[in-house]
Amino acid sequence: MPTFFLRVQNKLNEIVFTSAGKEVMSRQFDIVVYGATGFTGKRVAKYLAETHKSLKVALSGRSEEKLSLLANELGLPQENVLVAPLDDHEILTQALSKSR
């Protein structure tokens with residue numbers, strides 16, 4: 001499993017993830033918050049949406065209804081909602097692979 005490093009470029013306020021010195025290819029989202037409707041996940045999602053507006057944040061978890069409500073509350077588009085049951089490895093992998 002590769003080790004990932006986070007490099008912040010203050011000049012453009014860009015966040016770049018690297019693996020062994022190479023940039024990881026661009027994906028649909030910068031970060032996926034799995035369990036976004038739980039106590040901690042909701043706090044993390046809210047912090048990211050309010051403080052790091054340049055990040056493309058996706059909300060993920062089991063309940064589409066709860067995720068949609070949270071996305072509306074945070075002002076995120078519905079395409080940032082990724083429903084992924086924890087017991088379905090294939091769907092979970094697809095959802096999480098959409099982030100860097």
Side-chain angles (χ1 to χ4, degrees):
M1 177 174 273
T3 303
F4 289 90
F5 303 95
L6 176 65
R7 182 180 76 230
V8 179
Q9 299 172 333
N10 291 331
K11 193 186 247 184
L12 300 174
N13 199 25
E14 290 180 338
I15 297 178
V16 178
F17 293 89
T18 60
S19 175
K22 298 178 184 176
E23 283 192 22
V24 176
M25 61 186 233
S26 196
R27 299 210 180 164
Q28 186 177 358
F29 301 106
D30 294 311
I31 189 167
V32 174
V33 179
Y34 189 85
T37 60
F39 178 78
T40 303
K42 193 178 288 186
R43 293 177 66 119
V44 169
K46 184 176 180 180
Y47 171 79
L48 292 171
E50 292 176 354
T51 309
H52 298 284
K53 294 182 189 285
S54 64
L55 286 178
K56 291 185 76 180
V57 177
L59 307 176
S60 187
R62 297 174 293 164
S63 172
E64 184 174 9
E65 182 181 347
K66 290 180 182 179
L67 291 166
S68 292
L69 288 171
L70 181 59
N72 287 336
E73 181 183 321
L74 299 177
L76 297 174
Q78 289 302 306
E79 51 267 8
N80 290 34
V81 171
L82 306 174
V83 179
L86 191 55
D87 60 350
D88 190 329
H89 180 72
E90 187 177 332
I91 292 175
L92 186 60
T93 300
Q94 288 174 4
L96 298 179
S97 69
K98 293 181 180 189
S99 71
R100 295 197 277 172

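Worth saying up front: this structure is predicted, and the values here are computed from it rather than measured.
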Notebook entry, point to check: Do you know the tightest heavy-atom contact between L82 and S60?
Noted result: O-OG, 2.9 Å
Checklist line | Contacts of type side-chain contact (heavy atoms from CB on, under 4.5 Å), residue L92, not counting sequence neighbours | finding: Y34, A84, L86, L96
Next item on the list: Locate the shortest heavy-atom distance separating G41 from V33; write the atom from each residue and the value.
Entry: O-CG1, 3.7 Å
Checklist line | Inter-residue atom distance R62.CZ - D87.CG, 0.5 Å rounding | finding: 9.0 Å
Check: Taking atom CD of E79 and atom NZ of K98, what is their separation to the nearest 0.5 Å?
Finding: 11.0 Å
Checklist line | Under the side chain to side chain donor-acceptor pair (under 3.5 Å) test, residues paired with D88 that sit two or more places apart | finding: none
Check: Does Q94 have any side-chain contact (heavy atoms from CB on, under 4.5 Å) partners at least two apart in sequence or in another chain, and if so, which?
Finding: E90
Next item on the list: Kindly write out the residues that satisfy side chain to side chain donor-acceptor pair (under 3.5 Å) with E73, not counting sequence neighbours, or none if the list is empty.
Entry: none
Next item on the list: Starting at OG of S68, measure out to CG of N80 and round the result to the nearest 0.5 Å.
Entry: 11.0 Å
Next item on the list: Quick one: pull up CD1 in I31 and NE2 in H52 and give me the separation to the nearest 0.5 Å.
Entry: 9.5 Å
Next item on the list: Using the side chain to side chain contact (heavy atoms under 4.5 Å, CB included) rule, pick out the option among V81, L48, L59 that qualifies with L76.
Entry: L59
Margin query: Is there a path of hydrophobic side-chain contacts, each under 4.5 Å between heavy atoms, that joins Y47 and L74?
Written below: yes
Item checked: Non-hydrogen atoms of V32 and A95 that approach each other most closely -> CG2-O, 3.9 Å
Check: What residues, two or more places apart in sequence or in another chain, satisfy side-chain contact (heavy atoms from CB on, under 4.5 Å) together with K66?
Finding: T37, S63
Check: Is there a side-chain contact between Q78 and N72 (heavy atoms, below 4.5 Å)?
Finding: yes
Note to self: Let me check something: do L70 and L55 share a hydrophobic cluster, defined by ILVMFWY side-chain heavy atoms less than 4.5 Å apart, either directly or through other members?
What the structure shows: yes
Next item on the list: Supply the atom-to-atom distance K46 NZ to T51 OG1, rounded to the nearest 0.5 angstrom.
Entry: 10.0 Å
